[in-house]
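Report on one structure; see the data block that follows.
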Amino acid sequence: MDIIESLEWRYATKKFDDSISIDDKKIKRICKAFNLTATSYGLQPIKLVVVKNKELQKKMKLASFNQEQVSTASHVLVLCIENNVDTEFIQAHSKNTKELRPDGHDEIDAYGKVLINRFESKSKNETKLWATKQAYLALGNLLTVCAIEKVDSCPMEGFIPKEIDDILELDKDHLSAVLLLPIGIRAKNDISAKINKVRRPLNDIVKTIF
Ligand SMILES: Cc1cc2nc3c(=O)[nH]c(=O)nc-3n(C[C@H](O)[C@H](O)[C@H](O)COP(=O)(O)O)c2cc1C
(Lines give C-alpha, C1' and ligand atoms only; values in the text may rest on other atoms or scores of the structure.)
Protein backbone atom coordinates (compact mmCIF):
# COMPACT_ATOMS: atom_id res chain seq x y z
CA MET A 1 0.00 0.00 0.00
CA ASP A 2 1.19 3.50 -0.87
CA ILE A 3 2.20 5.58 2.20
CA ILE A 4 -0.58 8.14 1.56
CA GLU A 5 -3.14 5.33 1.33
CA SER A 6 -1.82 4.00 4.66
CA LEU A 7 -2.20 7.43 6.25
CA GLU A 8 -5.72 7.73 4.87
CA TRP A 9 -6.50 4.23 6.21
CA ARG A 10 -5.44 5.13 9.75
CA TYR A 11 -7.76 6.99 12.09
CA ALA A 12 -8.01 7.54 15.82
CA THR A 13 -9.58 4.19 16.73
CA LYS A 14 -12.17 4.48 19.49
CA LYS A 15 -12.98 0.79 19.84
CA PHE A 16 -10.81 -2.24 19.15
CA ASP A 17 -11.84 -5.85 18.58
CA ASP A 18 -10.65 -7.18 21.93
CA SER A 19 -10.56 -10.77 20.68
CA ILE A 20 -7.63 -9.96 18.36
CA SER A 21 -4.08 -9.75 19.67
CA ILE A 22 -1.25 -8.09 17.74
CA ASP A 23 1.51 -10.67 17.27
CA ASP A 24 4.86 -10.32 19.00
CA LYS A 25 6.74 -9.89 15.71
CA LYS A 26 4.77 -6.73 14.89
CA ILE A 27 5.13 -5.44 18.45
CA LYS A 28 8.89 -5.88 18.11
CA ARG A 29 8.92 -3.91 14.85
CA ILE A 30 6.91 -1.12 16.48
CA CYS A 31 9.35 -1.06 19.42
CA LYS A 32 12.29 -0.88 16.98
CA ALA A 33 10.61 2.04 15.20
CA PHE A 34 10.24 3.79 18.55
CA ASN A 35 13.96 3.34 19.18
CA LEU A 36 14.81 4.67 15.70
CA THR A 37 12.96 7.95 16.29
CA ALA A 38 15.28 10.93 15.97
CA THR A 39 15.63 12.94 19.19
CA SER A 40 17.26 16.23 20.09
CA TYR A 41 21.04 15.68 20.64
CA GLY A 42 20.23 11.95 20.15
CA LEU A 43 19.75 11.73 23.91
CA GLN A 44 16.51 9.72 23.85
CA PRO A 45 15.03 11.01 27.14
CA ILE A 46 12.05 8.69 26.57
CA LYS A 47 10.97 5.12 27.26
CA LEU A 48 8.19 2.96 25.84
CA VAL A 49 6.22 0.94 28.35
CA VAL A 50 4.19 -1.80 26.64
CA VAL A 51 1.12 -2.92 28.58
CA LYS A 52 -0.66 -6.15 27.66
CA ASN A 53 -2.74 -6.82 30.75
CA LYS A 54 -6.52 -6.47 30.76
CA GLU A 55 -6.74 -5.82 34.51
CA LEU A 56 -4.27 -2.94 34.26
CA GLN A 57 -5.98 -1.71 31.07
CA LYS A 58 -9.32 -1.52 32.92
CA LYS A 59 -7.68 0.62 35.61
CA MET A 60 -5.99 2.75 32.93
CA LYS A 61 -9.37 3.26 31.23
CA LEU A 62 -10.74 4.78 34.45
CA ALA A 63 -7.71 7.10 34.55
CA SER A 64 -8.44 8.05 30.92
CA PHE A 65 -11.93 9.48 31.31
CA ASN A 66 -13.42 6.05 30.52
CA GLN A 67 -12.15 5.96 26.94
CA GLU A 68 -12.99 2.50 25.68
CA GLN A 69 -10.00 2.18 23.36
CA VAL A 70 -7.75 1.73 26.41
CA SER A 71 -9.49 -1.41 27.67
CA THR A 72 -10.30 -2.96 24.28
CA ALA A 73 -6.79 -2.51 22.82
CA SER A 74 -4.52 -5.48 22.25
CA HIS A 75 -1.66 -3.49 23.81
CA VAL A 76 -1.39 -0.01 25.29
CA LEU A 77 1.87 1.74 24.49
CA VAL A 78 2.74 4.27 27.18
CA LEU A 79 5.16 6.93 25.98
CA CYS A 80 7.14 8.10 28.99
CA ILE A 81 9.81 10.67 29.68
CA GLU A 82 12.85 10.06 31.87
CA ASN A 83 12.58 12.08 35.09
CA ASN A 84 16.34 12.34 35.52
CA VAL A 85 18.10 13.78 32.50
CA ASP A 86 21.17 14.49 34.61
CA THR A 87 24.96 14.10 34.46
CA GLU A 88 24.71 10.35 34.97
CA PHE A 89 22.17 10.02 32.13
CA ILE A 90 24.32 12.03 29.71
CA GLN A 91 27.47 10.11 30.70
CA ALA A 92 25.64 6.83 29.96
CA HIS A 93 24.77 8.23 26.52
CA SER A 94 28.45 9.13 25.87
CA LYS A 95 29.52 5.63 26.99
CA ASN A 96 27.00 4.01 24.62
CA THR A 97 28.17 6.27 21.77
CA LYS A 98 31.81 5.25 22.36
CA GLU A 99 30.86 1.56 22.37
CA LEU A 100 29.04 1.92 19.04
CA ARG A 101 31.57 4.23 17.36
CA PRO A 102 35.22 3.18 17.40
CA ASP A 103 36.63 6.61 16.54
CA GLY A 104 36.57 10.14 17.92
CA HIS A 105 36.28 9.24 21.61
CA ASP A 106 37.88 12.51 22.77
CA GLU A 107 35.31 14.49 20.79
CA ILE A 108 32.50 12.34 22.21
CA ASP A 109 33.70 13.08 25.75
CA ALA A 110 34.03 16.80 24.99
CA TYR A 111 30.53 16.89 23.51
CA GLY A 112 29.21 15.05 26.58
CA LYS A 113 30.65 17.81 28.80
CA VAL A 114 28.97 20.48 26.63
CA LEU A 115 25.63 18.67 27.05
CA ILE A 116 26.10 18.29 30.82
CA ASN A 117 26.68 22.07 31.12
CA ARG A 118 23.72 22.81 28.87
CA PHE A 119 21.32 20.66 30.88
CA GLU A 120 22.67 21.87 34.25
CA SER A 121 21.62 25.40 33.25
CA LYS A 122 18.05 24.30 32.46
CA SER A 123 15.30 24.29 35.07
CA LYS A 124 13.60 20.96 35.88
CA ASN A 125 10.49 22.22 34.01
CA GLU A 126 12.47 23.23 30.91
CA THR A 127 14.06 19.78 30.75
CA LYS A 128 10.67 18.15 31.25
CA LEU A 129 9.17 20.20 28.40
CA TRP A 130 12.13 19.36 26.16
CA ALA A 131 11.80 15.63 26.92
CA THR A 132 8.03 15.76 26.34
CA LYS A 133 8.61 17.19 22.85
CA GLN A 134 10.75 14.15 22.07
CA ALA A 135 7.90 11.86 23.18
CA TYR A 136 5.52 13.61 20.75
CA LEU A 137 8.02 13.09 17.97
CA ALA A 138 8.08 9.36 18.77
CA LEU A 139 4.27 9.34 18.80
CA GLY A 140 4.17 10.77 15.26
CA ASN A 141 6.64 8.14 14.12
CA LEU A 142 4.64 5.32 15.73
CA LEU A 143 1.37 6.50 14.19
CA THR A 144 2.88 6.21 10.72
CA VAL A 145 4.64 2.91 11.38
CA CYS A 146 1.48 1.36 12.85
CA ALA A 147 -0.46 2.47 9.76
CA ILE A 148 2.12 0.84 7.48
CA GLU A 149 1.96 -2.34 9.59
CA LYS A 150 -1.87 -2.32 9.36
CA VAL A 151 -2.14 -1.90 13.11
CA ASP A 152 -4.88 0.45 14.32
CA SER A 153 -4.07 2.98 16.99
CA CYS A 154 -5.37 5.98 18.90
CA PRO A 155 -3.00 8.77 19.99
CA MET A 156 -4.08 9.99 23.43
CA GLU A 157 -3.31 12.80 25.80
CA GLY A 158 -6.73 12.51 27.43
CA PHE A 159 -5.74 10.84 30.71
CA ILE A 160 -4.61 11.80 34.19
CA PRO A 161 -0.81 11.35 34.10
CA LYS A 162 -0.35 10.93 37.86
CA GLU A 163 -2.94 8.14 37.95
CA ILE A 164 -1.31 6.27 35.05
CA ASP A 165 2.09 6.69 36.76
CA ASP A 166 0.66 5.18 39.94
CA ILE A 167 -1.16 2.27 38.21
CA LEU A 168 2.02 1.26 36.36
CA GLU A 169 4.38 2.22 39.23
CA LEU A 170 6.41 4.27 36.77
CA ASP A 171 8.08 6.26 39.53
CA LYS A 172 10.12 3.16 40.45
CA ASP A 173 11.83 3.50 37.05
CA HIS A 174 12.03 7.31 37.26
CA LEU A 175 9.50 7.70 34.45
CA SER A 176 6.42 9.87 33.84
CA ALA A 177 3.69 8.99 31.34
CA VAL A 178 3.07 11.73 28.77
CA LEU A 179 1.11 9.97 26.00
CA LEU A 180 -0.85 6.79 25.47
CA LEU A 181 -1.12 4.84 22.24
CA PRO A 182 -3.59 1.95 22.46
CA ILE A 183 -3.09 -0.36 19.48
CA GLY A 184 -4.98 -3.30 18.03
CA ILE A 185 -7.47 -4.09 15.29
CA ARG A 186 -10.52 -1.86 14.85
CA ALA A 187 -13.86 -3.26 16.05
CA LYS A 188 -16.36 -3.80 13.23
CA ASN A 189 -18.82 -1.49 14.97
CA ASP A 190 -16.38 1.40 15.60
CA ILE A 191 -18.36 4.24 14.02
CA SER A 192 -15.25 6.45 13.85
CA ALA A 193 -13.93 4.19 11.07
CA LYS A 194 -16.83 5.12 8.83
CA ILE A 195 -16.81 8.90 9.06
CA ASN A 196 -14.89 11.14 6.66
CA LYS A 197 -11.51 12.47 7.67
CA VAL A 198 -11.57 16.19 8.43
CA ARG A 199 -8.55 18.11 7.21
CA ARG A 200 -7.97 21.69 6.02
CA PRO A 201 -7.69 22.07 2.25
CA LEU A 202 -4.10 21.40 1.14
CA ASN A 203 -3.69 24.86 -0.37
CA ASP A 204 -4.71 26.38 2.96
CA ILE A 205 -2.38 24.36 5.20
CA VAL A 206 0.65 24.56 2.88
CA LYS A 207 2.11 27.85 1.71
CA THR A 208 4.78 27.76 -0.96
CA ILE A 209 7.20 30.65 -1.36
CA PHE A 210 8.91 30.80 -4.73
C1 LIG B 1 -1.51 14.41 20.73
C2 LIG B 1 -2.88 13.85 20.46
C3 LIG B 1 -3.73 13.57 21.51
C4 LIG B 1 -4.99 13.01 21.27
N5 LIG B 1 -5.77 12.63 22.33
C6 LIG B 1 -6.91 11.92 22.09
C7 LIG B 1 -7.65 11.36 23.16
O8 LIG B 1 -7.32 11.47 24.33
N9 LIG B 1 -8.76 10.64 22.83
C10 LIG B 1 -9.18 10.45 21.55
O11 LIG B 1 -10.18 9.77 21.32
N12 LIG B 1 -8.48 10.97 20.53
C13 LIG B 1 -7.36 11.70 20.76
N14 LIG B 1 -6.62 12.18 19.71
C15 LIG B 1 -7.08 11.90 18.34
C16 LIG B 1 -7.46 13.14 17.54
O17 LIG B 1 -8.69 13.65 17.97
C18 LIG B 1 -7.48 12.74 16.06
O19 LIG B 1 -6.19 12.30 15.71
C20 LIG B 1 -7.88 13.90 15.15
O21 LIG B 1 -9.22 14.26 15.39
C22 LIG B 1 -7.71 13.54 13.67
O23 LIG B 1 -8.46 12.41 13.34
P24 LIG B 1 -7.79 11.07 12.75
O25 LIG B 1 -6.62 10.75 13.62
O26 LIG B 1 -8.87 10.04 12.86
O27 LIG B 1 -7.39 11.37 11.35
C28 LIG B 1 -5.40 12.77 19.93
C29 LIG B 1 -4.53 13.07 18.88
C30 LIG B 1 -3.29 13.58 19.13
C31 LIG B 1 -2.35 13.81 17.97
Side-chain angles (χ1 to χ4, degrees), residues 1-18 20 22 26 30 33-34 36-40 44-51 54 56-82 125 128-168 170 175-206:
M1 205 189 236
D2 167 69
I3 182 75
I4 297 299
E5 281 172 358
S6 293
L7 293 176
E8 281 167 348
W9 173 85
R10 72 143 294 282
Y11 73 103
T13 307
K14 303 289 195 270
K15 190 178 179 190
F16 294 94
D17 181 337
D18 62 6
I20 307 177
I22 302 297
K26 275 200 178 179
I30 291 166
F34 175 82
L36 285 168
T37 301
T39 56
S40 171
Q44 297 185 290
I46 51 177
K47 194 168 272 193
L48 189 65
V49 174
V50 181
V51 179
K54 287 290 174 208
L56 285 175
Q57 284 172 238
K58 275 183 204 156
K59 289 183 189 168
M60 291 168 76
K61 178 192 173 197
L62 294 178
S64 310
F65 310 105
N66 253 340
Q67 298 193 69
E68 206 179 354
Q69 60 270 38
V70 177
S71 56
T72 55
S74 163
H75 296 68
V76 181
L77 308 184
V78 185
L79 286 89
C80 301
I81 54 167
E82 298 278 354
N125 267 348
K128 189 178 171 186
L129 184 62
W130 168 82
T132 302
K133 288 177 185 170
Q134 315 313 312
Y136 275 80
L137 203 50
L139 176 76
N141 193 22
L142 290 184
L143 286 174
T144 304
V145 171
C146 285
I148 293 167
E149 293 288 325
K150 276 278 176 296
V151 170
D152 286 301
S153 67
C154 184
M156 286 180 61
E157 46 189 13
F159 62 93
I160 301 164
K162 172 80 176 77
E163 291 189 12
I164 297 291
D165 292 353
D166 289 346
I167 293 165
L168 302 176
L170 295 177
L175 299 172
S176 299
V178 291
L179 288 159
L180 299 182
L181 186 67
I183 60 170
I185 300 298
R186 61 189 73 175
K188 286 200 172 67
N189 62 354
D190 184 9
I191 45 169
S192 297
K194 285 151 190 105
I195 55 177
N196 287 339
K197 251 194 198 310
V198 177
R199 292 295 189 270
R200 289 162 62 185
L202 199 56
N203 63 4
D204 182 37
I205 203 162
V206 178

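Both counts, for ligands and for their atoms, begin at 1 and track the order of listing.
When side chains are defined from C-beta on, Glu82 counts as touching Leu175, because their heavy atoms get closer than 4.5 Å. Side-chain contact between Glu157 and Tyr136: present, with at least one pair of heavy atoms (C-beta onward) separated by less than 4.5 Å. Considering only heavy atoms from C-beta on, Gln67 stays 4.5 Å or farther from Leu180 through its side chain.
Contact residues for ligand 1 (protein heavy atom closer than 4.0 angstrom to any ligand atom): Arg10, Tyr11, Ala12, Lys14, Gln67, Gln69, Tyr136, Cys154, Pro155, Met156, Glu157, Gly158, Lys197, Arg199.
Among residues at least two apart or in separate chains, salt bridge (charged side-chain N to carboxylate O under 4.0 Å, His left out) pairs with a member in residues 187-203 are Arg200-Asp204.
Here the options are Val76, Ile30, Leu77, Val78, the test is side-chain contact (heavy atoms from CB on, under 4.5 Å), and the partner is Val50; only Leu77 passes.
Looking only at distances, no side-chain donor or acceptor of Ser64 sits under 3.5 Å from a matching main-chain atom of Phe159.
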